[in-house]
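Presented below is the structure to which this report refers.
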4 protein chains.
Amino acid sequence: MSYRTPKAIQEKKDAKRRHILDTAAKVFAKRGYYNTKVRDILEEAGISTGSFYFYFNNKEEVFEILYDEMINAYVSVLQEAVATMTDNAEHIGKSLIKAITLSLRAFQKNKELARIMLIGSVGISPQFEKKRTADYQKISLVFEEIFRKLLQKKAIRIPDPKVAAILFTGSIYSLITNWLQEDDSVELVKYTKPLIAYNLQALGVQYDDLDLENIY
Amino acid sequence: MSYRTPKAIQEKKDAKRRHILDTAAKVFAKRGYYNTKVRDILEEAGISTGSFYFYFNNKEEVFEILYDEMINAYVSVLQEAVATMTDNAEHIGKSLIKAITLSLRAFQKNKELARIMLIGSVGISPQFEKKRTADYQKISLVFEEIFRKLLQKKAIRIPDPKVAAILFTGSIYSLITNWLQEDDSVELVKYTKPLIAYNLQALGVQYDDLDLENIY
Amino acid sequence: MSYRTPKAIQEKKDAKRRHILDTAAKVFAKRGYYNTKVRDILEEAGISTGSFYFYFNNKEEVFEILYDEMINAYVSVLQEAVATMTDNAEHIGKSLIKAITLSLRAFQKNKELARIMLIGSVGISPQFEKKRTADYQKISLVFEEIFRKLLQKKAIRIPDPKVAAILFTGSIYSLITNWLQEDDSVELVKYTKPLIAYNLQALGVQYDDLDLENIY
Amino acid sequence: MSYRTPKAIQEKKDAKRRHILDTAAKVFAKRGYYNTKVRDILEEAGISTGSFYFYFNNKEEVFEILYDEMINAYVSVLQEAVATMTDNAEHIGKSLIKAITLSLRAFQKNKELARIMLIGSVGISPQFEKKRTADYQKISLVFEEIFRKLLQKKAIRIPDPKVAAILFTGSIYSLITNWLQEDDSVELVKYTKPLIAYNLQALGVQYDDLDLENIY
DNA sequence: GATGAATGAGATTTCATTCAT
DNA sequence: AATGAATGAAATCTCATTCAT
């Protein structure tokens with residue numbers, strides 16, 4: 001007979017909570033929000049209804065947590081990329097290459113959550129739609145500010161930094177969305193080079209072909 | 001001699017059918033597929049349950065019809081733009097400008113259906129998801145072939161026509177999606193110029209700034 | 001331009017009414033009361049909803065008319081058989097043989113109505129169930145009275161004429177029901193001989209084997 | 001140590017399931033399959049919609065279970081009767097008497113299920129109709145084989161064992177059906193004697209009147 | 001903490017019948 | 001007389017969530 005320390009108990013709880021989330025992510029990614037029934041998650045996770053509702057208030061909350069995790073993870077990646085950006089104009093190409101490369105890697109690493117973030121989060125509820133829009137605009141804003149700065153230095157050549165940011169992120173997401181819907185799981189990184197080329201060219205950035213060779 | 005003119009009846013039927021479709025489009029666009037209940041459409045359209053099911057088999061069918069209409073309308077627009085493309089290299093910029101301009105106008109003309117096509121059609125059902133993916137690939141393929149042709153003539157400079165086509169369409173859609181989620185009714189065409197600039201630059205096309213001034 | 005006499009008009013109406021009834025009989029026999037939708041009858045008859053409800057008040061009425069027709073036709077057959085029964089004891093066997101033979105022939109002649117009368121009329125509504133029970137008891141009563149008379153003359157040997165009548169009719173109906181559910185349409189009359197033998201023996205009637213040879 | 005005894009829970013579940021079935025039997029018997037709405041069963045049983053669908057998939061399944069129970073119970077009774085049949089010719093009368101007596105008792109014991117089996121199971125669906133026909137043929141076959149055997153020994157005198165079996169079972173069922181539709185609760189066994197007399201005579205079996213006196 | 005039986009609001013759909021033309 | 005579009009009550013069933021054990 002063992003006396004469990006409260007800490008051990010807490011760890012066990014955390015593990016179960018995590019297990020439910022991970023399972024839910026898998027199921028949501030496969031079927032989408034509305035076609036995923038709570039029962040599907042329960043069965044896949046091997047837990048009871050009661051447990052599910054002990055750890056979470058409802059289905060939407062579980063989805064929202066997963067969604068937030070994904071957005072935060074992605075924002076971290078972006079912030080990391082931005083942080084290493086120097087003001088040195090000659091490194092602009094390299095910096096943007098890094099931002100894109102890190103984005104793709106983040107999505108590839110967790111295909112399920114990518115699917116949730118980009119596809120599965122549509123049409124949940126009006127409130128959620130608002131949140132989703134806000135998140136996407138926040139991400140777009142990161143690039144918008146970078147572009148604005150670069151524009152001042154005449155390091156890039158675009159008429160409108162806001163629109164450019166939308167198009168930049170949009171092109172990345174469309175590629176990922178496309179990749180997610182391919183039956184055979186081609187390596188996402190295979191698309192990295194043309195993706196970078198397209199966007200750097202779009203921004204009017206002079207970039208070294210050599211930099212493109214060394215990506216990933 | 002019959003008691004009524006079948007033609008008049010048929011016209012009335014067509015009108016009612018159209019009315020249901022239009023109302024459904026409005027409601028779907030506002031609430032999304034799953035949050036739209038058949039009852040919502042009935043109330044908004046001021047018709048009875050029976051009428052709805054007299055004209056259509058079920059909710060999904062109504063959605064599918066609307067979706068197909070939108071896709072077909074958009075494909076027509078694209079084909080029109082492609083048809084006027086000459087082989088004359090110096091007109092490539094103009095041609096692509098036309099394709100983008102027509103696309104934006106098509107979406108602006110019918111904001112509701114644009115919302116359905118780009119946002120609301122996600123997660124309906126596995127079968128529908130297949131159809132949706134196929135449609136998007138078809139549209140992307142139109143551009144891919146154009147890019148392939150232009151590439152042979154060295155009129156554009158990109159490493160991969162397939163990826164370029166995805167990014168091209170993706171950037172357009174992301175702009176429209178963004179516009180759709182803006183509360184105020186900003187003119188979509190306001191974004192036309194930077195959108196074209198971004199993509200023409202991305203493709204490495206030499207374009208005349210004058211052409212951009214005269215759009216719309 | 002012809003002037004139709006009212007009589008001709010009436011005849012046309014009657015013909016249409018009959019056409020609807022005949023078609024309904026066919027459909028009811030095939031699918032049963034509840035699995036037959038008014039629409040099925042309309043389509044099969046090539047008429048409109050309005051016409052149907054012009055000639056009849058509702059679906060149940062149509063069924064009831066068909067049912068009554070069948071019962072009446074059957075009762076007529078029975079009465080005919082009873083009418084020819086003489087009080088001559090030596091003809092009792094022949095008379096019962098005739099009653100059974102005529103019954104079988106009546107059912108075979110109109111398989112559809114047989115199906116409606118014996119199988120398809122179950123579970124329509126509580127009121128209809130009452131009517132149905134009453135009709136069956138009426139038919140049974142015909143035989144009960146015959147048996148009662150024969151019993152007085154000691155022409156048959158049974159403990160209870162009422163029960164005998166139930167069993168007599170029941171055995172006939174069970175044979176027909178069985179026959180109706182055979183996939184291949186065997187000749188019902190093939191069963192006539194053993195059916196008669198069974199019941200005459202049951203009643204303790206002395207019968208001439210020769211009479212059995214000449215049936216039908 | 002778990003928080004509850006699974007056994008007790010299971011027993012409660014079984015009891016509830018049984019309660020639903022019994023209630024459904026009562027309602028089906030009273031109103032028939034089509035006039036019984038799921039709601040009627042819920043109200044009569046005092047349960048919620050959810051409970052009903054937790055225990056059963058749909059209304060038809062409940063009906064089918066009840067129907068199968070009845071058929072199986074009846075077949076058991078028959079098999080029991082058949083098992084005690086000896087090859088001793090002089091006991092043939094007694095054996096058939098026993099078979100009929102047990103049949104009647106089985107039906108009397110559960111009037112509701114008898115009603116379902118004999119009356120209420122008509123016209124549910126084409127598939128069910130097939131099953132029903134097959135079941136009835138199976139029961140008829142039990143008697144057919146007995147009759148065939150007795151025929152070889154010349155213990156009975158009938159022209160066709162198959163038809164005789166149909167008529168034998170048909171006569172029993174018609175009596176029960178009749179009894180079911182009587183308003184007052186007449187004892188079914190009251191009819192046993194004339195029923196046996198009719199059928200034994202029909203089969204040409206020599207029976208002892210004494211045996212008939214001691215039935216039930 | 002865990003379980004899963006129980007709940008019931010609410011969604012979709014059917015189909016007999018009506019009624020304007 | 002005929003048509004068939006329109007109606008809407010009513011039926012079945014789903015499934016997120018609750019709660020007694």
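Below, each value reflects all heavy atoms present in this structure, side chains not excepted, and no hydrogens, waters or symmetry copies. In what follows, every chain begins at residue 1, and chains take the letters A, B, ... in the order their sequences are listed.
Annotation: K37(D), atom NZ; neighbour count of heavy atoms from other residues, nucleotides and ligands within 6.0 Å is above 12. More than 12 heavy atoms of other residues, nucleotides or ligands lie within 6.0 Å of NZ in K111(D), so this atom counts as buried by the packing criterion.
Rounded to an integer number of Å, the gap from I9(D) CD1 to dA20(F) C1' is 9 Å. Rounded to whole angstrom, the span from the OH atom of Y55(D) across to the P atom of dT7(E) amounts to 9 Å. Atom NZ in K13(B) sits roughly 15 Å away from atom C1' in dT21(E) (whole-Å rounding). Rounded to whole Å, the distance from CG on D40(B) to P on dG10(E) is 13 Å. If you measure from atom CD of Q10(B) to atom P of dA6(F), you get 11 Å, rounded to the nearest angstrom. For the pair F54(B) CZ and dT17(E) P, the computed distance is 18 Å after rounding to whole Å.
OP1 or OP2 of dA2(F) sits under 4.0 Å from a side-chain N or O of K16(C). K12(B) has no side-chain polar atom (N or O) that falls below the 4.0 Å cut-off from OP1 or OP2 of dG4(F). At dG4(F), none of the side-chain N or O atoms of S48(C) fall inside 4.0 Å of OP1 or OP2 (strictly under the cut-off).
Rounding to the nearest 0.5 Å places CZ of F63(C) at 13.0 Å from CG of N58(C). Note that CG of D22(B) is 8.5 Å distant from NE2 of H19(B), once rounded to the nearest 0.5 Å. Distance check, rounded to the nearest 0.5 Å: CG of D68(C) to CG of D135(C) gives 6.5 Å.
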- [ ] Using a 4.0 Å cut-off on protein heavy atoms (strictly under), produce a 5'-to-3' string for nucleotides 11-16 of chain E with B for base contact, S for backbone-only sugar-phosphate contact, and - for none.
- [x] SSBBSS
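Of all the heavy atoms in L21(D) and L66(D), the pair that sits closest is O-CD2, 3.5 Å.
Using a 4.0 Å heavy-atom criterion, one finds that F56(C) contacts no nucleic acid atom at all.
Relative to the ring axis of F52(D), K59(D) does not place its NZ or CZ within 45° and under 6.0 Å from the centre.
Closest-nucleotide positions on DNA chain F for I47(C) and G46(B) were compared, and the one nearer the 5' end corresponds to I47(C).
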TODO: Report the C-alpha separation of Y34(C) and Y33(D) in whole Å, then their side-chain angles, then the decisive distance to 0.1 Å, and conclude whether the ring-ring contact (aromatic ring centres under 6.0 Å, His included) test is met.
DONE: CA-CA 10 Å; Y34(C) 274 103; Y33(D) 181 79; 9.0 Å; no
- [ ] State the dot-bracket string of DNA chain E. Criteria: Watson-Crick or G-U wobble, both atom distances under 3.5 angstrom; notation: ( ) intrastrand, [ ] crossing earlier pairs, | interstrand, . unpaired.
- [x] .||||||||||||||||||||
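Looking at E44(D), its side chain never comes within 3.5 Å of a backbone N or O of A24(D) through a donor-acceptor pair.
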